[in-house]
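Below is one structure, written out as structure tokens; the observations come after it.
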Amino acid sequence: MTRKPSTTLIHHPYRAPEGWDAVPVPVAKASTVLFKDTADLHKPRPRDGLSYRYGLHGTPTSYTLAARLATLEHAEHCLLVPSGLAAVTLPSLAILRPGDEVLVPDNVYGQNRYLTESWLPQWGVTHRFYDPLTVPDLRDKTKLVWLEAAGSITLEFPDLLGTLAACRARGITTALDNTWGAGLAFNGFEPAPTTHPGLGADIVMQALTKYPSGGADVLMGSVCTRDRKLHDRLNHAHEHLGYGVGQNDVELVLRGLSTLQLRYEAQDRVTRQLASWMAGRAEVAQVFHPALPGSPGNANWLAVGGAGAACLFSVAFKPAYSAARVDAFVDALQLFGIGYSWAGPMSLAVPYDMSRSRGLPLPFDGGTLVRFAIGLEDVADLQADIAQALSALA
Ligand SMILES: *Cc1c(COP(=O)(O)O)cnc(C)c1O
């Protein structure tokens, strides 16, 4: 039978030879996954990362990334989702039912706050925000407790061990936003194996958008678990919410993973240098960085090993400097971009009016602070840039 090109170009007999092997993982893209025959189609396929059914649920490329991230996080299972925000919404949507209560730290990532306050109530889920430095009060209807270490913008490091122990004692599921720690600063599933053996979060998620990508280009998230039943529940929601990822983006995150630790450590070093230097400046009221003595939650960070820290610090200027002067300082910076996200190559600075975004008392006087995200530039150049911009404060 002679077939036309429109057919033969699709049903072509040539197959590339087996045995291709190289350092990078090939990019396997698909919506359709082909079955051998109808018997193969009818066979049950457990969604365990070992078989293929439809491109939305994974290809060899995304399964490889998920397996590497599970190792990084000391987990058994990992689901990839299209953004860090999707990794925040997945656990809440998968676990909470009408009548349940979710607890969220007051310094949680802003979009988690929005989900909790503005979306979950329409499904009959109630919430309370808690002070991240204390162990929240748990009730019978509390079904999920979020933790974020360190929390967003003000970077208080929570009482992870105390809160995890209290939740564990009552059988309450815990979800940790581990974007800051990137799976390197501490182990979310076992943050203190010697003092608190067996204690850890049930779910550990990350915005891969930050460190694992490292390029300020990809948006993606991961949701890791150790418990099979919990993974199945999350996986069920993952499938039915359509949370697939693009394989070209997966390729970029796989590429970023190779340099993850090098970048984390290098950015940590420079960030601590700049944060300590800022803490000594006359214009500054307080610097927030979990490794700085006196920064809120410093003891909690030490309790989980006090090892690595992310490339973030925030600066509260003395209340004498108005929000407009703080804006002028940020505008005067030449090497710092003004924009969201972090852990990419370019340093960033963003002023935040905290009085509008939090419910509980703030850990500093005054409303405006600047969050710095340190990139990969030279430390002396960054310090000189901040020093020249400080004259715009006056
Ligand atoms: C950035 C961030 C997220 C969300 O990630 P996106 O990929 O931007 O959606 C979630 N949690 C934390 C702590 C983050 O910093």
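This structure is a prediction, so every number in the text was calculated from the model and none was measured. Start at 1 and go down the list; that is how both ligands and their atoms are numbered. By convention here, the first residue in the shown sequence is residue 1.
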Could you tell me whether Asp140 atom CG has more than 12 heavy atoms of other residues or ligands within 6.0 Å of it?
-> no

Give a yes/no verdict on a cation-pi contact between Arg113 and Phe129, requiring under 6.0 Å between NZ or CZ and the six-membered ring centre and an angle within 45° of the axis.
-> yes

For the rings on Tyr321 and Phe329, is their centre-to-centre separation under 6.0 Å?
-> no

Side-chain H-bond candidate by donor/acceptor type, Asp227 with Thr225, under 3.5 Å | no

Just by distance, with hydrogens left out, do Tyr243 and Thr89 show a side-chain donor and acceptor under 3.5 Å apart?
-> yes

Under 4.0 Å from ligand 1, counting heavy atoms only: the protein residues, by chain and number | Ser83, Gly84, Leu85, Tyr109, Glu148, Asp177, Thr179, Ala207, Thr209, Lys210, Leu219, Trp342

By side chain to side chain contact (heavy atoms under 4.5 Å, CB included) - contacts of Ile338 (at least two apart) | Val330, Asp331

